[in-house]
Amino acid sequence: MSALSKNVKVALLQFHAGSDKQANLTKAKEFALNALKKQPDTDILVLPECFNSPYAVDQFKNYSESIPTGETTKFLSELAKENNVNVIGGSFPELGDDGHLYNTSLTFNTVGEIVAKHRKVHLFDIDIPGKMTFKESSSLKPGNKATVYNLPGVGTLGLGICYDIRFPELAMVAARKGAGIMAYPGAFNTVTGPKFWTKFGVARAIDNQLYVILCSPARNPDGGYQAYGHSMVVDPNGNVVVEAGHGEEIVYAELKPEEVDEVRQNIPIGKQRRFDIYQNVADTAISSDL
Ligand SMILES: NC(=O)CCC(=O)C(=O)O
């Protein structure tokens with residue numbers, strides 16, 4: 001059985017968020033409606049990481065909401081339902097029942113139901129002196145699970161958020177569970193983006209023979225953290241199918257089941273894995289006998 005149920009049309013909404021949450025939601029809707037006007041048979045709208053707030057550790061609390069009762073969840077659900085479209089709702093700061101904050105991505109089906117919830121598993125804590133210092137863990141807690149789900153009428157997907165892409169395991173788990181698409185709402189920046197963004201998209205696609213969707217905020221001349229932009233779709237052979245610039249833009253792509261099936265059939269790495277020797281990577285015995 002194919003990982004995708006049919007040709008899947010996606011639209012990636014690359015816009016930037018400011019400090020006004022209502023304005024951010026209004027802009028998300030405007031971009032969604034424009035995408036649907038241009039491509040009325042869109043199957044999935046994809047939003048960027050932290051689309052309802054600035055991307056700043058000291059701001060997450062102010063924009064955080066409970067799920068499913070908060071206004072951003074309701075907004076995304078209505079967007080999906082009113083337009084009969086699936087929505088991968090970027091991410092936004094979640095206020096968990098445990099009182100902790102998470103960077104969380106929700107996916108909605110065409111009737112507005114939540115079909116997946118992913119809490120960013122790997123928090124973005126880096127320090128490149130003089131260039132980029134960021135410590136998500138100063139205000140967020142990490143999620144504790146990989147997210148793989150079935151989107152009715154579309155197929156099986158995996159979900160990660162931005163820095164999660166640096167860790168190949170999530171995409172590998174998703175592919176092993178049958179995913180044909182790995183989606184990462186993500187906000188790389190102008191330091192790490194040019195070096196790594198495309199390479200990670202291509203690497204995860206080739207490693208796992210699936211489509212990779214990366215959806216970034218646009219760069220915001222008035223903002224603090226400058227996102228890289230360059231939202232893109234990479235096919236299962238590692239080709240960049242479509243790529244945005246760094247401004248506000250919508251890009252479109254059509255994902256084809258036969259692209260996934262063909263490469264998996266021709267080069268069957270999925271069946272050739274040697275889990276007998278690396279079934280649990282962390283516990284894998286490393287031989288030093290040469
Ligand atoms: N929002 C993020 O997780 C940023 C990740 C990033 O820029 C990277 O280089 O990794």
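In each ligand, atom 1 is the first atom listed, and ligand 1 is the first ligand listed. FYI, the numbering just counts along the sequence from 1.
- In terms of the side chain to side chain contact (heavy atoms under 4.5 Å, CB included) criterion, residue partners of A205 (sequence neighbours excluded) are, by chain and number, V212, V234.
- Taking the six-membered ring where the residue is Trp, the centroids of F275 and Y278 are separated by under 6.0 Å.
- The closest side-chain heavy-atom distance from C162 to K120 is below 4.5 Å.
- For the atom pair CD1 (I126) and NZ (K135), the distance works out to 13.0 Å, reported to the nearest 0.5 Å.
- Residues lining ligand 1 at a heavy-atom distance below 4.0 Å are given as E49, Y55, K120, F124, C162, Y163, R166, A187, F188, N189, T192, Y225, ordered by chain and residue number.
- Residues that satisfy the salt bridge (Lys or Arg N to Asp or Glu O under 4.0 Å) test with D261, not counting sequence neighbours, are absent from this structure.
- Legend: residues meeting salt bridge (Lys or Arg N to Asp or Glu O under 4.0 Å) with D207, ordered by chain and number and at least two apart, are R204.
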